[in-house]
Amino acid sequence: MDTAVEPASSDASRQRKYFGTDGIRGTVGKPPITADFMLKLGWAAGRVLARRQKTRVIIGKDTRISGYMFEAALEAGFSAAGVDVMLLGPMPTPGIAYMTQTFRADAGVVISASHNPFQDNGIKFFSAAGTKLGDAIEFEIEQELTQPLVTVDSEHLGKAVRIDDAAARYIEFCKSTVPGRFTLHGLKVVLDCANGATYHIAPSVFRELGATVTVIGASPDGLNINRNVGSTHTVALRAKVIETGADIGIAFDGDGDRVILIDAKGREVDGDDILYLIGSDRHRRGVLGGGVVGTVMSNLGLAQAFERQGIPFERAKVGDRYVIERLDALGWQLGGESSGHIVCGHVQTTGDGIVAALQVLAIMMREARSLEALLAGYEKAPQTLVNVRIGADADRGALLEDAGVVETLRAVEAELGSDGRVLLRPSGTEPLIRVMVEAHPRFDVERLAGRIAASIERCVQD
């Protein structure tokens with residue numbers, strides 16, 4: 001029996017008031033996701049960056065209506081701190097990481113709440129190298145937030161410019177991550193852009209590479225991002241793949257750093273499956289560059305499949321930043337999460353849905369095999385995930401240590417013996433406790449996860 005209770009936060013996170021595992025996120029209009037806070041955040045981040053040198057930042061966003069408001073507020077804050085701003089408009093999160101490097105900016109700012117509904121929004125920062133800011137810098141920004149906002153002298157105010165060709169630049173980058181003579185000619189693809197930041201990027205990438213492309217979820221109106229479309233809602237995409245007789249369906253989330261695939265029979269292919277395909281292929285060709293990093297949520301079947309091939313596999317905490325940190329520490333290139341964050345470090349610095357999808361399509365074309373054929377023989381252990389909603393101010397650590405919860409957890413341990421795995425994990429972005437149970441097929445993992453979830457719910461109600 002492998003049981004894990006992931007701590008509510010790291011030591012650095014306990015010191016930070018606003019930053020979670022993936023930046024700052026919440027409901028628009030409720031602190032800290034307000035216009036006045038974003039003004040102060042831009043100023044505070046600008047002050048921290050400007051201590052190092054006269055600097056400039058890149059700002060991009062997804063398609064949420066609140067993005068206009070927060071873009072303006074951040075721009076004003078950075079300018080007040082004496083920092084120049086380059087505005088990209090709607091752009092996938094990995095595109096902002098790429099553009100931060102391209103323009104030699106000192107930081108990139110993403111206005112997005114990823115897969116959340118339009119009522120939410122958030123802020124993520126990238127370093128000059130296109131990687132997530134470290135905990136220490138985020139803590140430094142939070143310390144600056146406690147200081148009064150003081151505007152630099154007028155001659156030192158930051159300037160703002162808009163980059164009109166940002167989309168075209170990123171499209172060309174995505175195409176450059178596959179071999180120069182690579183073509184998707186003859187392949188039928190359905191794209192689901194989640195009414196988000198990939199809506200004006202992904203269709204061009206796949207069409208220009210020669211695919212026959214059908215698109216859904218590419219009509220953003222500021223309110224419909226992730227609504228019944230995208231990587232967390234694949235029903236519409238699965239239906240469209242079957243209807244059009246497509247070879248593959250590709251679903252992105254609202255900010256384009258996640259991807260979920262659909263095979264020709266309408267079956268979902270998640271991040272673990274994508275890691276298996278890319279990792280196995282790169283291992284066979286001798287270009288893997290070490291091993292693969294997953295997370296504590298990665299399926300046991302994935303770990304076993306890599307073990308059979310002699311591919312080293314390690315688990316990081318949930319969160320693409322922790323996957324990347326582990327990759328850097330090991331000197332490896334490939335990692336990701338079952339949710340569809342896939343880091344292809346040989347071509348990109350962060351999780352990139354379009355790039356990851358292209359890696360899989362390249363395998364399909366090179367091997368002349370369908371997605372389902374490539375996955376034949378690969379089996380995952382049955383796994384279920386239950387999200388238990390808790391109060392925004394609930395003590396997550398206390399919930400996980402509650403006597404009733406611990407007693408139920410021990411009972412599930414006894415039932416599974418050595419044939420399963422349980423993980424209790426507080427969400428880093430939402431008021432949720434995630435309960436994951438994974439076990440041999442003879443166990444009813446949904447029932448077992450439900451028992452644990454019910455014990456947490458009783459504790460919340462008490």
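Hydrogens, waters and symmetry mates are skipped; everything else that's a heavy atom, side chains included, is used. For the single chain, residues carry numbers from 1 onward in sequence order.
With rounding to the nearest 0.5 Å, the separation of OH in Tyr98 from CZ in Phe126 is 14.5 Å. The CG atom of Leu275 sits 6.5 Å away from atom CG of Asp272, with the distance rounded to the nearest 0.5 Å. One distance of note links OG of Ser338 with CG of Asp270; it measures 6.0 Å at 0.5 Å rounding.
Across all non-hydrogen atoms, the minimal contact from Cys344 to Ala356 is SG-CA, 4.3 Å. Heavy-atom minimum distance, Leu327 versus Gly335: CD1-N, 3.9 Å. For the pair Ala105 and Ala128, the tightest heavy-atom approach, listed with the atom from each and the gap, is O-CB, 3.4 Å. Across all non-hydrogen atoms, the minimal contact from Gly279 to Val292 is CA-CG2, 4.5 Å. Pairing each heavy atom of Leu424 with each of Leu409, the nearest pair is CD1-CD2, 4.2 Å. Between Gln309 and Ser280 the shortest heavy-atom distance is NE2-OG, 2.9 Å.
Residues Asp247 and Val189 have side chains not in contact (no heavy-atom distance under 4.5 Å, counting atoms from C-beta outward). Proximity of Phe103 to Ile163: side-chain heavy atoms (C-beta onward) are separated by under 4.5 Å at one or more points. Using a 4.5 Å cut-off on side-chain heavy atoms (C-beta onward), Val405 and Leu399 make no contact. Here the side chains of Met91 and Ile58 are not in contact, with every heavy-atom distance at 4.5 Å or above. Here the side chains of Met364 and Leu361 are in contact, with some heavy-atom distance below 4.5 Å. A 4.5 Å side-chain heavy-atom check between Tyr276 and Lys380 finds every atom pair outside the cut-off. You'll find the side chain of Asp352 reaches within 4.5 Å of the side chain of Phe173, heavy atoms only. Residues Tyr170 and Pro94 are in side-chain contact: their nearest non-hydrogen atoms beyond the backbone lie under 4.5 Å apart.
Residue Glu379 places its CD atom among 12 or fewer non-hydrogen atoms of other residues, nucleotides or ligands, all under 6.0 Å distant. The 12-atom threshold is not exceeded at CZ of Arg104, counting heavy atoms of other residues, nucleotides or ligands nearer than 6.0 Å.
Listed for the Glu438 side chain is a donor-acceptor partner under 3.5 Å among the backbone atoms of Leu300. Between the Arg315 side chain and the Ser298 main chain, a donor and an acceptor come within less than 3.5 Å of each other. Under a 3.5 Å cut-off, the side chain of Glu142 and the backbone N or O of Tyr18 do form a donor-acceptor pair. Judged by distance alone, the side chain of Lys124 and the main-chain N or O of Ser112 form no donor-acceptor pair under 3.5 Å. Not a single donor-acceptor pair under 3.5 Å links the side chain of Asp320 to the backbone N or O of Ile324. No side-chain donor-acceptor contact under 3.5 Å links Asp62 to the backbone of Ala197. Here the side chain of His115 pairs no donor or acceptor atom with the backbone of Arg258 at under 3.5 angstrom. Side chain of Asp106 to main chain of Thr55: no donor-acceptor pair is present (N/O by atom type, distance under 3.5 Å, no hydrogens or angles). A donor-acceptor pair under 3.5 Å is absent between the side-chain atoms of Thr234 and the main chain of Arg238, judged by distance alone. With hydrogens and angles disregarded, no donor-acceptor distance shorter than 3.5 Å links the side chain of Gln348 to the backbone of Val343.
The salt bridge (Lys or Arg N to Asp or Glu O under 4.0 Å) check on Asp192 picks up nothing, with sequence neighbours excluded. Listed by chain and residue number, nothing satisfies the ring pair (Phe, Tyr, Trp, His ring centres under 6.0 Å) test with Phe182 (two or more places apart in sequence, or in another chain).
Ion pairing between Lys265 and Glu372 fails under the 4.0 Å rule for side-chain N and carboxylate O. A salt bridge is defined here as a Lys NZ or Arg NE, NH1 or NH2 lying under 4.0 Å from an Asp or Glu carboxylate O, and Arg267 with Asp273 fails to meet this definition. Contact check on Arg64 versus Asp120 returns no salt bridge, with no Lys/Arg side-chain nitrogen under 4.0 Å from an Asp/Glu carboxylate oxygen. Using a 4.0 Å cut-off between charged side-chain N and carboxylate O, Arg321 and Asp135 make a salt bridge. Taking a cutoff of 4.0 Å between a charged side-chain nitrogen and a carboxylate oxygen, Lys175 and Glu172 qualify as a salt bridge.
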Please walk me through it: do Val259 and Ile250 pass side chain to side chain contact (heavy atoms under 4.5 Å, CB included)?
CA-CA 7 Å; Val259 64; Ile250 303 171; 3.6 Å; yes
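Under the salt bridge (charged side-chain N to carboxylate O under 4.0 Å, His left out) test applied with Glu415, the options Arg442, Arg410, Arg451 reduce to a single match, Arg451.
At a cut-off of 3.5 Å, with distance as the only test, no side-chain donor of Asn226 or His233 sits close to an acceptor on the other residue.
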Return a table of donor-acceptor pairs under 3.5 angstrom between the side chains of residues 384-391 and protein atoms on other chains or two or more places apart.
{"unit_1": "Asn387", "atom_1": "OD1", "unit_2": "Arg434", "atom_2": "NH1", "d": "2.8"}

